[in-house]
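Order of the sequence lines fixes the chain letters, A, B, ..., with proteins taken first and strands second; residue numbering starts at 1 for each chain.
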Amino acid sequence: MTLSKKATCNSHGQDSSYFLGWQEYEKNPYDELTNPNGIIQMGLAENQLSFDLLESWLANNPDAASFKRNGESIFRELALFQDYHGLPSFKNAMVKFMSEIRGNKASFDPNKLVLTAGATSANETLMFCLAEPGDAFLLPTPYYPGFDRDLKWRTGVEIVPIQCTSSNGFRITELALESAYQLAQKRNLKVKGVLVTNPSNPLGITLTRHELNLLLNFVDEKGVHLISDEIYSGTVFNSPNFVSVMEILVNRNYVNMDLWNRVHIVYSLSKDLGLPGFRVGAIYSNDDLVVAAATKMSSFGLVSSQTQYLLSAMLSDEKFAKNYIVENRKRLKNRHAKLVRGLRKTGISCLESNAGLFCWVDMRHLLSSETFDAEMELWKKIVYEVGLNISPGSSCHCSEPGWFRVCFANMSEDTLELAIQRLKLFVNAISSNKNNINGVSQNYSSKSSRRKSISKWVFRLSFHDRERER
Amino acid sequence: MAIQIDQPSVSLSRVAVSDTHGEDSPYFAGWKAYDENPYHELTNPSGVIQMGLAENQVSFDLLEQYLEKHSDGATNSGRTSGFRENALFQDYHGNGKLYGTNKRGRAKFNPESIVITAGATAANELLTFILADPGDALLVPTPYYPGFDRDLRWRTGVNIVPVHCDSSNNFEITPQALESAYNEAESNNIRVRGILITNPSNPLGATIRRTILENILDFATRKNIHLVSDEIYSGSAFSSDEFVSIAEILETRNYKDSERVHIVYSLSKDLGLPGFRVGTIYSYNDRVVTTARRMSSFTLISSQTQQLLASMLSDKQFTGSYIRTNRERLRKRYELIIDGLGKAGIRCLKGNAGLFCWMDLSTLLEEPTKEQELCLWKLMLHEVKLNISPGSSCHCSEPGWFRVCFANMSEKTLEVALRRIHDFMERRKAH
């Protein structure tokens with residue numbers, strides 16, 4: 001009595017360093033009071049900076065979380081609501097919010113929006129809809145490690161990398177696109193489309209208009225799909241402003257052409273609103289067949305009606321939503337600046353970025369050799385000796401060793417300070433050629449702050465290999 | 001310029017364009033008719049009464065009362081820190097409180113072996129991905145829930161091979177039927193990976209007897225295949241004595257051969273909360289648990305909902321009283337409908353669970369065929385204005401049986417429905 005091939009393979013990808021780092025963190029998690037020498041989690045792309053805004057909205061609008069509408073109980077209605085077309089008021093609020101984030105330069109039709117249990121589910125569902133087992137999607141590297149599971153595991157779809165390098169700031173080039181396509185052909189894989197994350201995870205940069213045009217030209221020419229995962233669209237804190245692929249399509253008069261039907265957007269509230277626990281994702285497509293198929297498939301991962309109702313109330317409050325977007329960006333910008341400054345003082349530079357919850361950090365100069373082995377060696381030192389869980393570029397399929405993704409929005413400011421201090425000591429020690437065994441973290445514990453680190457509560461519940469997304 | 005593609009203009013996968021989602025069946029067509037002309041006591045008293053929807057609406061007042069009393073803990077509106085923690089909580093191990101407190105008195109469950117999913121729909125699909133490869137088969141006793149055609153087959157590429165049951169023995173699953181189905185698969189070179197039963201049964205509305213469960217377990221062991229027991233209706237058995245979980249059978253056998261057994265559960269029927277998307281898989285096989293947990297990333301439950309339910313379900317006083325009251329109310333509803341149908345000269349299968357009864361209209365068929373059954377179904381829908389589910393949509397091998405739901409409406413509406421059936425039968429007698 002055996003299990004399926006899917007169950008016994010390891011396409012779930014959980015043996016990668018991306019997840020191993022978390023395991024190490026779990027065994028020894030930092031806590032400013034009870035475990036000041038523990039590992040600081042910097043591998044978790046969560047947005048914890050703006051909860052107070054959500055909390056104060058909730059305090060002022062208690063009905064939304066209490067199954068009430070205008071003081072009347074709608075519990076029954078919500079409890080029974082499992083229509084995979086989603087709560088209309090929620091979808092309306094979502095498309096307005098998506099539009100607001102894009103500076104109202106693109107507008108969305110709620111009938112083309114399909115709700116899913118997180119972007120994880122949205123991406124997998126699109127694979128089921130657009131590709132056969134054995135087909136391929138092209139993805140620019142470096143990319144989010146979770147894609148290996150989300151796009152490939154149960155769908156049988158392959159990922160072929162579009163190699164991007166630091167020589168041009170990891171931008172997508174025509175040459176790289178073509179090379180990837182040729183590589184797929186050589187491997188006898190039928191390419192069904194390109195999937196990009198915009199803004200990029202792990203790079204933290206928004207795609208330029210030039211890149212978006214390149215992509216559209218490419219998928220137009222090859223007759224394939226383009227998926228734009230815009231999960232970080234609300235985290236753009238610096239110019240250039242976020243440009244959605246939808247905007248370019250409209251500007252180039254592609255509305256209702258063939259290409260128009262082959263571009264699909266994935267969205268989620270996990271990053272922008274910091275609500276990964278609520279499992280709110282969405283697929284947006286101009287193709288009715290895709291919307292129809294994806295809607296039916298969403299039966300396998302519907303969003304709780306309780307949650308749809310709460311968020312529809314919150315997001316329909318336009319004043320709140322507008323203000324949230326602006327304030328959230330401001331806070332992300334400050335945090336980002338803090339990390340970049342701190343790293344620079346340590347002689348470490350980052351890819352210049354304007355979005356996301358992380359920096360793409362250049363530690364090539366700290367490698368003992370220009371190899372991935374050396375990157376692993378450095379990573380292990382940083383996890384065990386410096387006490388920081390950061391994500392090595394190799395786990396993101398980066399073609400060059402020495403890059404790391406470092407998150408900055410999932411901890412308090414004090415903790416971020418401490419992390420920077422620890423890194424500083426480590427780097428100084430390396431450059432003065434001293435052996436630094438466990439000495440670093442003991443010298444510093446952060447100042448006690450009134451508010452306990454949020455992560456502690458959450459991780460108290462964890463068992464062995466708990467998982468975090470992105 | 002676009003290059004010629006050899007598929008319809010927007011190239012979608014076979015899965016996307018297939019109709020294995022099953023939504024073209026009468027099961028769903030009936031809903032459409034209802035949606036277009038729904039009954040309402042005041043505003044549309046001649047509309048279609050929905051009797052094709054297995055929802056439990058008889059005990060909401062109990063839930064609403066609970067929520068009124070516990071609005072703080074349940075909904076977090078007063079606890080700001082609670083919100084934050086919930087918002088971040090996407091651990092696929094689920095809220096420990098919610099699952100540790102689990103149900104069903106007589107069998108013991110280990111919270112570490114529970115995996116949460118967004119509804120039983122997701123749980124069944126997930127298990128199928130884990131237990132079978134594309135092209136393999138699961139044996140499913142007929143009649144079965146129409147949604148299985150989608151849940152078990154659509155994206156997984158797995159086949160369903162029916163285990164035929166009929167009225168000669170109250171549709172009970174026999175060892176011969178099991179063997180027969182297995183051999184049928186073998187002769188078609190299809191590899192059987194497991195058997196999936198629903199207990200209590202949908203659409204029969206009856207629990208599976210202990211002996212039958214033992215037979216099924218023995219069969220699965222002999223063939224070395226998996227056994228999935230979908231116990232979504234376990235809390236809807238009219239009397240707690242009558243429901244035997246496969247977990248109890250395993251316990252009496254000291255868990256020998258238990259690594260092939262997996263149980264699906266959900267709060268959609270017992271608690272009447274389908275909108276909240278709360279399903280669970282319980283497996284006695286560690287590898288299945290681990291894999292299922294990883295796969296559940298695609299279908300996690302909103303932590304906001306987990307929080308609400310954790311509070312509710314850990315209140316033992318509440319759950320005990322809810323379960324008792326709910327069973328009693330369902331039993332009364334069942335008696336009401338059986339009585340009413342009996343007066344109209346219609347027999348039903350003897351049921352003891354679920355939110356529906358399995359009604360025998362075979363005597364009304366001109367010929368015992370599926371086509372005649374569908375004619376009768378259309379008649380019921382358009383003339384009598386009742387949406388009931390034809391047995392053929394449940395893959396029943398005997399034409400003339402219909403599933404009729406009784407818990408998704410008020411008692412008054414049920415009485416209206418019964419009157420309509422009564423009048424319909426009178427009209428037919430007069431002919």
A:Lys6 vs B:Thr291 side-chain heavy atoms within contact, under 4.5 Å: no

Going by distance alone, is a donor N or O of one side chain under 3.5 Å from an acceptor N or O of the other, for B:Gln57 and A:Arg76? no

With distance as the sole criterion, is a donor-acceptor pair present between the side chains of A:Ser304 and B:Ser302 under 3.5 Å? no

For the residue pair A:Thr8 and B:Arg287, confirm or rule out a side-chain donor-acceptor distance under 3.5 Å. no

With a 4.5 Å heavy-atom cut-off, do B:Ile301 and A:Arg279 have their side chains touching? no

Does the side chain of B:Phe129 reach to within under 4.5 Å of the side chain of A:Trp153, using non-hydrogen atoms? no

Test your reading of the model: is there a side-chain donor-acceptor pair from B:Asp133 to the backbone of A:Ser4, 3.5 Å cut-off? no

Region of A:Phe128 in contact with chain B, defined by heavy-atom distances below 4.5 Å: both

Measure from the side-chain N and O atoms of B:Arg155 to the backbone N and O of A:Thr125, and report whether any donor-acceptor pair falls under 3.5 Å. no

If only atom types and distance count, is the side chain of B:His226 paired as donor or acceptor with the main-chain N or O of A:Thr2 below 3.5 Å? yes

Is there a side-chain contact between B:Gln307 and A:Gln306 (heavy atoms, below 4.5 Å)? no

Quick one: are A:Phe300 and B:Asp151 in side-chain contact, heavy atoms under 4.5 Å? yes

Closest non-hydrogen atoms of A:Ser299 and B:Arg150, given as atom of the first, atom of the second and distance, are OG-NH1, 3.5 Å

Who wins among A:Met127, A:Gln308, A:Gln82 for the most heavy-atom pairs under 4.5 Å with chain B? A:Gln82

Mind checking the OG-CG spacing from A:Ser73 to B:Leu67? Nearest 0.5 Å is all I need. 7.5 Å

Tell me, with the steps shown, if B:Glu125 and A:Arg154 meet side chain to side chain contact (heavy atoms under 4.5 Å, CB included). CA-CA 11 Å; B:Glu125 190 201 39; A:Arg154 304 190 304 179; 4.2 Å; yes

Establish, from distance only, whether the side-chain atoms of A:Glu132 and B:Ser13 form a donor-acceptor pair under 3.5 Å. no

Of all heavy-atom pairs linking B:Ala118 and A:Gly301, the shortest is CB-CA, 4.1 Å

Show, in sequence, the C-alpha distance, side-chain angles and deciding distance for B:Gln304 and A:Leu275, and conclude whether the side chain to side chain contact (heavy atoms under 4.5 Å, CB included) test is met. CA-CA 10 Å; B:Gln304 177 196 20; A:Leu275 304 172; over 6 Å; no

So for B:Ile130, is it side chain, backbone, both, or neither that comes closer than 4.5 Å to the heavy atoms of chain A? both

Taking the six-membered ring for Trp and the single ring otherwise, decide whether the centroids of B:Phe276 and A:Phe67 are under 6.0 Å apart. yes

Do you know which of B:Leu126, B:Thr128, B:Val15, B:Leu131 has the most heavy-atom pairs under 4.5 Å to chain A? B:Leu131

Which atoms of A:Tyr84 are under 4.5 Å from chain B, going by heavy atoms: the side chain, the backbone, both sets, or neither? side chain

Using non-hydrogen atoms and a 4.5 Å limit, figure out which bit of A:Met257 sits close to chain B: side chain, backbone, both or neither. neither

So which heavy atom on B:Thr299 is nearest to which on A:Ala117, and how close? CA-CB, 4.3 Å

So, do A:Phe75 and B:Glu68 sit near enough that their side-chain heavy atoms are less than 4.5 Å apart? no

